[in-house]
Protein chains: 4
Amino acid sequence: MPAPADPLDRSSESPSRRDKRALILEAAIHVFARNGYHGSRIADIASEAGIAYGLVYHYFKNKEEILSSIFEERWGAFLDTLEHIASQPASARAKLDQVATVILGGHHVRPEWVKVLVLEIQRSSRFARPDQIRAVGRLFQIVARILREGQEKGELRMDIDPDVACYSFIGALEIIITGVVLNVIQPDSASLDPTEPSSGEERRDGAYYEKVGRTVVDIFLNGVARSGGTG
Amino acid sequence: MPAPADPLDRSSESPSRRDKRALILEAAIHVFARNGYHGSRIADIASEAGIAYGLVYHYFKNKEEILSSIFEERWGAFLDTLEHIASQPASARAKLDQVATVILGGHHVRPEWVKVLVLEIQRSSRFARPDQIRAVGRLFQIVARILREGQEKGELRMDIDPDVACYSFIGALEIIITGVVLNVIQPDSASLDPTEPSSGEERRDGAYYEKVGRTVVDIFLNGVARSGGTG
Amino acid sequence: MPAPADPLDRSSESPSRRDKRALILEAAIHVFARNGYHGSRIADIASEAGIAYGLVYHYFKNKEEILSSIFEERWGAFLDTLEHIASQPASARAKLDQVATVILGGHHVRPEWVKVLVLEIQRSSRFARPDQIRAVGRLFQIVARILREGQEKGELRMDIDPDVACYSFIGALEIIITGVVLNVIQPDSASLDPTEPSSGEERRDGAYYEKVGRTVVDIFLNGVARSGGTG
Amino acid sequence: MPAPADPLDRSSESPSRRDKRALILEAAIHVFARNGYHGSRIADIASEAGIAYGLVYHYFKNKEEILSSIFEERWGAFLDTLEHIASQPASARAKLDQVATVILGGHHVRPEWVKVLVLEIQRSSRFARPDQIRAVGRLFQIVARILREGQEKGELRMDIDPDVACYSFIGALEIIITGVVLNVIQPDSASLDPTEPSSGEERRDGAYYEKVGRTVVDIFLNGVARSGGTG
DNA sequence: CATGAATGAGAATTCATTCAT
DNA sequence: GATGAATGAATTCTCATTCAT
């Protein structure tokens, strides 16, 4: 797999002069990830970014706009990546594999981003603007579309509702991320095949995510029942 | 199925004289569900409970203790119910059916409770004391145990790790609840078989949850792949 | 000197039935001494006294009345003792010796009482009622009277104002008590004649107070100047 | 005596722009003196200083830090002055005269400062951090040193302990200040030689303090006993 | 653009006091 | 008398937001 150009990474946007804004967002992500949205003060973000207190208000109307900016940019990039995956002329299985890789791998590479997206933004969605709700909904739509096209190509069962089935797939991935983020799940070699080569924590986590991703797709496609026939 | 005595309901603890405490918790659940933990003031809880401001502090040390009390009591009851289900001499499939019913039905009957448990507590790493983490972990362990016993009885595939597989099942249910709670998912007749009888919203939601629950279990057991064999 | 029946001690007033009031005062003294007036809650006093919360309000109108009751009773007894000393047909020196013994010894025997009288009441005197002000003033008047009578009997210099001189005497004693109470002064054997017999802390403090008392009276009477003649 | 450049006065530190902090301290001293520490609200201090509520918290962590800042700065300046006096090549008597003048005169010139130092801080064991205790102790050490050097120079009796004797001197001065501060002592012409010229309250108080100061030193040096010899 | 002082609305928490039982 | 639940005013401290420089 050709290093899929980390879809969440925008740090290459030149954090020089014109993009102090990006600097602030980057800092905000770290601070939000560490202390939560409500536990973070503007002052924390400013000092993390190494800039003056009031400057934050030159670039953002208020605290909430920082959060929604993070959402819009990161989530947008994330959706673009998924959209790209969904549009390929590959099998549903291959697409789902890639989706799992992006979602789990995303957390592996940029844990703070995921932490903020999953924990802080989704939770504050109660106050969400309609466009944000819709943006979250698009994730489901994209996966549902993959499934629907899989049905059309005869790869998947016709008697399941793609709009419900997508929950099973996304839910599995999301709960794993949440679990890791909250330290309920501890990615460790314990559940890994010891014959696989492994070096250092970095590698180990990566291996864990790979294995888990494969399992999730496997279960989603084939089910856990013996010989596929209790239904 | 004989309405399994709503396992989350403890309101029968006589909210009369001796249980002002329960009254406050009940009020807090409503308020937290409506405004979120951070958006709720003690004053709101007090007025929702119809008591004086300071009385809240007779029963709870501080705001956070209210939240964790809610968690401990409701989550404990929830786990007890699951434990009971897991201990029955039924098939894995039957148990998973019941688990889905309890989780989705729980939200149907007491949306506020679920809202608070899922959004305010479970997703909040900030309040996570070790014992709370552990309590959340028990949910996974119980489901994993159901799967493991299913394997032992030859009902389920041996080549999947129950500790990972349980994420797929729980994740599916949780994301549905979250979606509904956040209004991303709108339970409506659109995705329902129009031939089923339906009367009023109440009924419609119930039917939706039933159908979704069945689908989730179906997918989890049999997979979405055609004739169970892409893996 | 025949153990002068600890003049501050009223604990023998039978703390049985009719004197729950005394019980509360006793408890209040301990609590005030420990935490200061403002740092003490009615609840603390009640629990120290082993009685119910609200009962305090049966015996005292409010928190302040507790403090002023302590003052009136203890201070009154204290003044009575001094009055008694002043009325004896003894020399001024003998009387001053006794005053020093009562004041320093009082602290030795009932440190809490003195702590409350000196630190809490005197500080709250800013809000004091005129009668309290007057009561404090009586201490000075009594000592001044001792001095005046000493002048009349030719024992003391005529060219000093008894109303000012009494400050020198009382001030010396008070600052010693304050110092000990605040732990600025640590009564220890360091400044004691090592030839004196001493056993245990109790004894050591007592000896310290005795020695200090003698020194204070000595200085007050004879001055610190060489051969009494720099004035 | 050429008005010795009021040693406690630091108001010349330009309370203009850069020293908002000093402005707040000044206001706090007034408010504390008027209402006592516990009777003063941050709001009072802010409004006395003519600034916004929250600005106080820009300069001080909390209410207590305001009090201890007052202590540190004023008491430090006070000790510096005493240190200076003690280091002069003068007689013990002259030094004690100056100490009395500084202490009594300090109250005359800046009654609020003394009120806060004496009533709110010195008598409050609750705020006594070790370094504050030590700072108070230094007052005693300085006076004890004056006495010790007086002994070495043959001016003072050798048979008194300077560490105890200093209590007699400081105690006399302190109780006078306390008395005046608490209105137990009313500086008035009553105890003044009516032949001395006097104009207005200002002058009268000054005269009173001078006379009292001289008496205190006189008694401390020569004692009140006739012909210096009852000991 | 940058800075950080200034503002002030909130919100949590405390606790003296009252009151029903 | 006794109890302790109930009340709610009072106050501290926080922090998003504004603004003068």
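Numbered from 1 within each chain, the chains take letters A, B, ... in sequence-line order.
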Quick one: D:I66 CD1 to F:dC13 C1', roughly how many Å, whole number?
12 Å

With respect to the side chain of A:Y57, which nucleotide from F:dT7, F:dT3, F:dA16 is positioned closest?
F:dA16

Distance from A:I29 atom CD1 to A:L117 atom CG, nearest 0.5 Å?
7.5 Å

Rounded distance in Å - CD1 (B:I51) to C1' (F:dG8)
12 Å

What's the spacing between D:L67 CG and D:N62 CG if we round to 0.5 Å?
10.5 Å

Give a yes/no answer on whether the side chain of B:Y53 brings an N or O atom under 4.0 Å of OP1 or OP2 in F:dA10.
no

What is the distance from CZ of C:R21 to P of F:dG1, rounded to the nearest Å?
12 Å

Respond yes when some side-chain nitrogen or oxygen of D:K20 is under 4.0 Å from OP1 or OP2 of E:dA6, and no when none is.
yes

Of A:L55 and C:K61, the one whose nearest nucleotide on DNA chain E sits closer to the 5' end is A:L55

Validation row: C:F60, C:I42 side chains within 4.5 angstrom (heavy atoms):
no

In whole Å, what is the span from the NE2 atom of C:H38 to the P atom of F:dA10?
16 Å

Decide yes or no for C:I51 and C:L23: does some side-chain heavy atom of the first lie under 4.5 Å from some side-chain heavy atom of the second?
yes

If each of D:G54 and B:A52 is mapped to the nucleotide of DNA chain F with the nearest heavy atom, which maps nearer the 5' terminus, i.e. the 5' end?
B:A52

C:K20 NZ/CZ over C:Y59 ring centroid, <6.0 Å and within 45° of normal
no

Does OP1 or OP2 of E:dA2 have a side-chain N or O of A:Y59 closer than 4.0 Å?
yes

Looking at every heavy atom in both B:A28 and B:I66, which two are closest together, and how far apart are they?
CB-CG2, 3.5 Å

Stems in DNA chain E, runs of 3 or more consecutive Watson-Crick or G-U wobble pairs with both distances under 3.5 Å, sorted by first number, are E:2-21 with F:2-21

Mind checking whether B:W75 and B:Q132 have side chains closer than 4.5 Å, heavy atoms only?
no

Just compare E:dT18, F:dC13, F:dA2 and give me whichever is closest to any side-chain atom of D:N62.
F:dC13

Whole angstroms only, please: what is the NZ-P distance between C:K63 and E:dC15?
8 Å

Salt bridge or not for B:R134 and B:D131, using N-O below 4.0 Å?
no

Within residues 39-47 of chain C, residues whose heavy atoms come under 4.0 Å of DNA chain F:
none

Would you mind checking if B:R74 and B:E26 are paired as a salt bridge, meaning a charged N to carboxylate O distance below 4.0 Å?
yes

Over how many whole Å does the gap from A:Y37 atom OH to F:dT14 atom P extend?
19 Å

So, under a plain 3.5 Å distance rule, would you say the side chain of D:H58 forms a donor-acceptor pair with the base of E:dA5?
no

Rounding to an integer number of Å, can you tell me how far A:E65 CD sits from F:dA16 C1'?
14 Å

Side chain to side chain, A:F32 and A:I121, heavy atoms closer than 4.5 Å
no

Whole Å only: how far is the CG atom of A:D19 from the P atom of E:dC1?
10 Å

